[in-house]
There are 2 protein chains.
Amino acid sequence: MISILIADDHTMFVDGIESILKTESDVQVIGRCYDGLSILPFIKEKQPDILLLDVNLPGKNGIEVCKELNSKYPAVNVLAISMFNEESYVTEILNNGAKGYILKNTGREELLLAIKTVNSGKTYFSKEVTNTIMKGLMNSRKNGSKKTSFFPKISRREKEVLQLIVEEHTTQEIADKLFISLKTVESHRSSLLSKLNARNTAGLVRITLENKLLD
Amino acid sequence: MISILIADDHTMFVDGIESILKTESDVQVIGRCYDGLSILPFIKEKQPDILLLDVNLPGKNGIEVCKELNSKYPAVNVLAISMFNEESYVTEILNNGAKGYILKNTGREELLLAIKTVNSGKTYFSKEVTNTIMKGLMNSRKNGSKKTSFFPKISRREKEVLQLIVEEHTTQEIADKLFISLKTVESHRSSLLSKLNARNTAGLVRITLENKLLD
DNA sequence: TAATAAATGGGGGTTTTCCCCTAGCCTATA
DNA sequence: TATAGGCTAGGGGAAAACCCCCATTTATTA
């Protein structure tokens, strides 16, 4: 019997998965979490074999949860689930100890297969995810270190500037808001461009939103 | 017996809803669609009592489907489902004939209630959605017509330009790619700024991504 | 403590974006 | 057959963004 904890903020989704798993005699759902914060307390009490973990969770996101879990409860196998087939998500959560990654558009059969595979200690990725990873690897090989798609740390001040850029403020407005000189903001802008590997403001905003770089 | 067609591109989600509904004796799922294009052909053949319709569908989005459905098959009651509690989505799909709107984070009980309510010809909105609409109404009253946040249609050419802007291309590059003059691209940019109510490129990109304006 | 990173800001430049105007041509549709 | 909207494109100018260069001060951390 495989015991499972489901963590996803969409109730309907959780109910759905539970309904699917109910028909399986060798799988049992022992808990549900609707945000990131309640996962660790639950696992402290009951240790499930598998955590079905949504990557985008309110409270504390799936990647952080996975990281903590991996160091404190390595026995729990994490199967990540996400709406998005984004290379950055996949890579990051795998680097933090997830054993598998499937998309929310995979069907019942594949879900069961993924659970059983991960439970046996192996890793499982859906086809689409595998393709994404492969593409990513190929790109990073091509470009050397140009677009390994991980970003250097963005400093506190840079983040503030970035936030205001995304909110459509001009450099002058940002300078006024932060009580610093135009030149300083320009300097932050330019390091943001270089850190995020963007060509212009459009890229800055796109990369920021696509990678949820702001709180 | 209420017959239901589920339209959502996430297989797992569709399976989930189906599992939930399977236990109900007076509800029957008679079909599944995984994109917007296959909905109308299906309905032409078999007319379900209710269409559970995801707002964000590939191929043809929920709003368009709803519009067409409303004129061709008004007997089919549409219950919209969405991840997002976005005022713009809610208002727009309701204006196009949906009878109800629930979020994907609503549970099994509420789903069943929503289905039965909509089937009886009444409308159903989850609490969160109701709140959003009320807030929206209050805001639109406050600001007059400033940010009712609806976007006029973006034309085919504008979409192409927008896509290339988001991909970090400059106006000159876009002109070269589309084999049109710099001035024409500038003219498209400017109508995009005005249509999307953006102040600059940053806003253009943010609004585009936040509202998934591109395929 | 010495090296590193962050935050600040200046000079001086080019490129890009944004804004105002105008205007012809085409197509769908009321 | 008008009227509207979409696509095209020009002139000319102001504002903003982007690109080098550089320097000082202040934290942080190895």
Side-chain angles (χ1 to χ4, degrees), chain A residues 145-147 150-209 213-215, chain B residues 60 63-64 67-68 71-72 92 96 146-147 150-209 213-215:
Chain A
S145 66
K146 196 190 163 195
K147 216 177 182 183
F150 265 4
F151 308 118
K153 260 183 209 160
I154 299 169
S155 73
R156 174 197 121 257
R157 206 49 158 173
E158 283 163 357
K159 224 177 210 176
E160 291 174 352
V161 171
L162 188 54
Q163 173 83 52
L164 291 168
I165 291 173
V166 172
E167 288 171 4
E168 303 182 39
H169 295 289
T170 66
T171 304
Q172 185 60 62
E173 287 169 358
I174 296 171
D176 294 344
K177 266 182 191 284
L178 300 181
F179 303 106
I180 54 181
S181 129
L182 184 81
K183 273 297 179 181
T184 307
V185 179
E186 275 188 342
S187 146
H188 289 310
R189 279 194 98 116
S190 125
S191 48
L192 281 167
L193 284 174
S194 121
K195 281 189 182 176
L196 300 189
N197 217 286
R199 292 182 62 195
N200 50 31
T201 304
L204 232 44
V205 175
R206 183 180 54 76
I207 293 165
T208 302
L209 296 182
L213 261 31
L214 300 172
D215 326 308
Chain B
K60 185 190 272 187
I63 289 154
E64 289 171 63
K67 198 173 182 178
E68 255 184 277
S71 64
K72 291 188 187 160
E92 196 163 12
N96 284 296
K146 196 189 163 198
K147 217 179 181 180
F150 258 2
F151 309 121
K153 259 182 207 158
I154 299 167
S155 74
R156 172 196 124 257
R157 207 49 157 173
E158 282 164 357
K159 223 175 211 176
E160 290 174 354
V161 170
L162 188 53
Q163 173 82 53
L164 292 168
I165 291 173
V166 172
E167 288 171 5
E168 304 182 37
H169 296 288
T170 67
T171 303
Q172 185 59 63
E173 287 169 358
I174 296 170
D176 294 345
K177 268 183 189 284
L178 300 182
F179 304 105
I180 55 182
S181 132
L182 183 79
K183 273 297 179 181
T184 306
V185 179
E186 276 187 343
S187 147
H188 289 311
R189 279 193 97 116
S190 129
S191 48
L192 282 166
L193 285 174
S194 124
K195 282 187 182 176
L196 301 189
N197 217 285
R199 291 182 63 195
N200 50 32
T201 304
L204 231 44
V205 176
R206 183 181 52 76
I207 292 165
T208 302
L209 297 182
L213 260 29
L214 301 173
D215 327 307

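Residue numbers start from 1 in every chain, and the chains themselves are labelled A, B, ... in the order their sequence lines are given, proteins ahead of strands. FYI, side chains are in, hydrogens and waters are out, and symmetry mates aren't considered; it's all heavy atoms of this structure.
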Looking at every heavy atom in both B/Asn197 and A/Glu168, which two are closest together, and how far apart are they?
O-OE1, 4.5 Å
Tell me: CG of B/Leu193 to C1' of D/dA15, nearest whole Å?
14 Å
Length of the NE2-C1' vector between A/His169 and D/dA15, whole Å:
17 Å
With side chains defined as the heavy atoms from C-beta onward, is the minimum distance between B/Arg199 and A/Glu173 less than 4.5 Å?
yes
Should B/Ser187 be listed as having a side-chain N or O under 4.0 Å from OP1 or OP2 of D/dC7?
no
Does some side-chain heavy atom of A/Val166 sit less than 4.5 Å from a side-chain heavy atom of B/Val205?
no
Heavy-atom closest contact (B/Ala198 atom, B/Leu204 atom, distance):
CB-N, 3.7 Å
Taken in chain and number order and not counting sequence neighbours, the residues that satisfy salt bridge (charged side-chain N to carboxylate O under 4.0 Å, His left out) with B/Glu167 are none
By salt bridge (charged side-chain N to carboxylate O under 4.0 Å, His left out), A/Glu186 pairs with (sequence neighbours left out) A/Lys183
Test salt bridge (charged side-chain N to carboxylate O under 4.0 Å, His left out) applied to A/Arg157 - qualifying residues, sequence neighbours left out:
A/Glu160
Taking every non-hydrogen atom, the tightest pair across B/Glu158 and B/Ser191:
OE2-OG, 3.1 Å
Listed in order of residue number, which residues of residues 171-185 of chain A have a non-hydrogen atom at under 4.0 Å from DNA chain C?
A/Ile180, A/Ser181, A/Lys183, A/Thr184
A/Glu186 CD to D/dC20 C1', in whole Å, measures 12 Å
Degree of bending, the helix from C/dT1-D/dA30 to C/dA30-D/dT1 (end axes from five pairs; round to 10°)
60°
Within the 3.5 Å criterion, strictly below it, is a donor on B/Arg189 or B/Thr201 matched to an acceptor on the partner's side chain?
yes
B/Thr201 side chain N/O closer than 4.0 Å to the phosphate oxygens (OP1, OP2) of C/dT16?
no
Nearest whole Å is fine: how far is D/dC7 P from B/Leu192 CG?
10 Å
Without hydrogens or angle criteria, can the side chains of A/Arg206 and B/Thr208 be said to hold a donor-acceptor pair below 3.5 Å?
no
Length of the CZ-C1' vector between A/Arg199 and D/dC19, whole Å:
14 Å
Can you check the A/Asn200 CG to D/dC19 C1' distance for me, whole Å?
14 Å
For atom CG of A/Leu196 and atom P of D/dA17, their distance in whole Å:
16 Å
Are the side chains of B/Leu213 and B/Leu196 in contact, using a 4.5 Å heavy-atom criterion?
yes
Output a table of nitrogen or oxygen pairs between the protein and nucleotides 4-6 of chain D separated by less than 3.5 Å.
none

